[in-house]
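In what follows, a single structure is set out as structure tokens and then discussed.
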Amino acid sequence: MLRLHDTATGTVRPLEVREPGVVSMYVCGPTVYDVPHLGHGRFVLVFDVLRRYLTWSGYRVHHVSNITDVDDKIIDRANREGRTEAEVAAEYEAVWYEAIDALGVRRPDADPHATAYVERMVELIGELMDAGVAYRTSDGVYLDVGRVESYGLLARQTLESLQAGARVDVDDQKRSGHDFALWKAAKAGEPTWPSPWGGGRPGWHTECVVMSLDLLGEGFDVHGGGQDLAFPHHENERAQAVALGRTFARHWVHNGWVVVGGEKMSKSLGNFTSLTDLLERVDGRAYRLLVLRSHYRSPLEVTPATTADATAALERLDNLARRAGEEALVDVEPDPAALVSFRAAMDDDLDTPAAMAMLFDLVRAANSALDAGDHAAAARSVATVREMASAVGLALRTDAAALDHDVAAMVAARDQARAAKDWPAADAAREALVARGWVVEDTPAGTRIRRR
RNA sequence: GGCGGCGUGGCCGAGUGGUUUAGGCAAGGGCCUGCAAAGCCCUGUACCCGGGUUCGAUUCCCGGCGCCGCCUCCA
């Protein structure tokens, strides 16, 4: 039974699902106004690992993750670049999925778009008005958070203490600084939809309530996202559901930041690296491994040093997989005892660092067994490594790169020279290969090369 | 001001009241190798500071110091 940290209680507690054997999870997706950065990469990896682990554990998982395609920043960009909002959103949604695919993250079962849900959002806002918890101002419709019971649950503070530190000037039309826009009246040049309160567009916090309840239903199991979404975004989603007497998420999961030199990576701080840039120089699997080696709620340093570290560790896994292929190890069942330990670690609030430690212990065991010629033991360890790796979405690479004629000729030259014990010629061939970015290894079967 | 988190060996990053230990990377030594690479073996004696509890604390409590986050858009 998986135990997960729940932001609403501040405790690690069993994931009690609504329907046996099924997990419904909603993870807040991106606002598509710019390229994704490393923080986005981390959160999709974290929830991909959760999803895959749940699936591996035998659950059927319904995973919904939205695309916010109407928002101030999209409008700003469209205006700046003389394009339509739809064009901007489409462009960055494509970039988003390209990056996500490169990370080996499974796409959600559904990716609702805000613009497709405006009518339903208008309905929900109408219900909030009818319930007397929302009110109009000259620029839109707001939710009166003071009317919502337990507002502040996810911030783990009372409304009073939140207000005590409010950094925003209280708009005199708002009853409270924490009241938030459900509907924003359209200004000139902005996209607009009709509503009983005039043309405009929905506030950000409304889309996720409507879409999650529509696609997953009341009392869905997991609602997740980055820690900065807990408050106010998730708080505000919840407030709308609660105000209407709807049961919202049963379990709140939030992942920690990507940090650089101890500071949060964010757009506003300007210290971000785009995911696209990272993926140009680092294997997406290495980023996954880096994410897996820290706990999902801890801050994670992502720097050239830590990605290089993870890349080297990943190579160790790939080397084993290739070696296993060369030795033609037969497929056997994974070691059940090892899987019990693995499951225990993962069930403990996704203790992926412990799981990875087990994985690398098995890598050593497999290599040792291969060194000793014990193919049965090696096969079992390798099968276990594969099983654990696949449970968290880590694919091991075994395929050899295709060689062009020049490279193949250098390999042949080295084999000939070595057969003739012509060491200077053999070394020259190796140096030529290394210069082209290959790692050269001698094996009983001859020269083997792989990409650095 | 309110709320929360963190401070572990060269780096990243887990964890625990006490036998032997995370794990990875890097480093040094060794085995293997024509030399390498890969792999294996060995090595580091870490836990911010000061008190307290305890037979015993890196781990619990209190107090410092330092860092970070949320309370505004943000994964």
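These values consider heavy atoms only, across backbone and side chains, with no hydrogens, waters or symmetry-generated copies. Numbers restart at 1 for each chain; the letters A, B, ... are given by sequence-line order, proteins then strands. In this text the structure is predicted, and so the values were computed from the model without any measurement.
- For the OP1/OP2 pair of B:rU72 and a distance below 4.0 Å, the side-chain nitrogens and oxygens of A:His178 include at least one atom meeting the criterion.
- Listed nucleotides B:rA75, B:rU72, B:rG2 differ in distance to A:Asn255; the shortest reach to its side chain belongs to B:rA75.
- Rounded to a whole angstrom, the distance from the C1' atom of B:rG10 to that of B:rU53 is 35 Å.
- Contact annotation: A:Ser161 does not reach the phosphate of B:rG1 (side-chain N/O to OP1 or OP2, under 4.0 Å).
- Between A:Asn367 and B:rA38 there is no side-chain polar atom (N or O) within less than 4.0 angstrom of OP1 or OP2.
- Under the Watson-Crick and G-U wobble criteria, each requiring two contacts below 3.5 Å, nucleotide B:rG39 is paired to B:rC31.
- In this structure, A:Arg418 does not reach the B:rU33 phosphate: none of its side-chain N or O atoms is under 4.0 Å from OP1 or OP2.
- Taking only distance into account, the side chain of A:Asp442 meets the base of B:rC35 through a donor-acceptor pair shorter than 3.5 Å.
- Using the Watson-Crick or G-U wobble rule with both distances under 3.5 Å, B:rC60 pairs with B:rG52.
- Checking B:rA38, B:rG24, B:rC3 against every side-chain atom of A:Ala313, the shortest atom distance belongs to B:rG24.
- A donor-acceptor contact under 3.5 Å links the side chain of A:Asp427 to the base of B:rG34.
- Along RNA chain B, the nucleotide nearest A:Asp361 and the nucleotide nearest A:Ser298 are compared for position; the residue whose nucleotide lies closer to the 5' end is A:Ser298.
- A close approach under 4.0 Å does occur between a side-chain nitrogen or oxygen of A:Lys264 and OP1 or OP2 of B:rC70.
- For the salt bridge (charged side-chain N to carboxylate O under 4.0 Å, His left out) criterion with A:Asp318, the lone passing option out of A:Arg450, A:Arg285, A:Arg323 is A:Arg285.
- Annotation: cation-pi geometry satisfied between A:Arg107 and A:Tyr97 (NZ/CZ under 6.0 angstrom from ring centroid, within 45° of ring axis).
- For the pair A:Gln157 CD and B:rG2 C1', the interatomic distance rounds to 5 Å; values are reported in whole Å.
- When the C1' atom is compared between B:rU20 and B:rG63, the two are found 35 Å apart, to the nearest whole Å.
- Only one option out of A:Asn66, A:Asp72, A:Asp71 pairs with A:Thr31 in a side chain to side chain contact (heavy atoms under 4.5 Å, CB included); it is A:Asp71.
- Residues A:Phe342 and A:Thr384 fail the side-chain proximity criterion, which asks for heavy atoms closer than 4.5 Å.
- An OP1 or OP2 oxygen of B:rC40 is reached within less than 4.0 angstrom by a side-chain nitrogen or oxygen of A:Arg316.
- Side-chain N/O atoms of A:Arg430 and base N/O atoms of B:rA36 include a donor-acceptor pair closer than 3.5 Å.
- Partner assigned to B:rU45 is none, using Watson-Crick or G-U wobble distances below 3.5 angstrom.
- Residue A:Gly226 is classed as a sugar-phosphate contact, given heavy-atom separations below 4.0 Å to backbone atoms only.
- For A:Arg156, counting side-chain heavy atoms from C-beta on, the closest listed nucleotide (B:rA14, B:rC35, B:rC3) is B:rC3.
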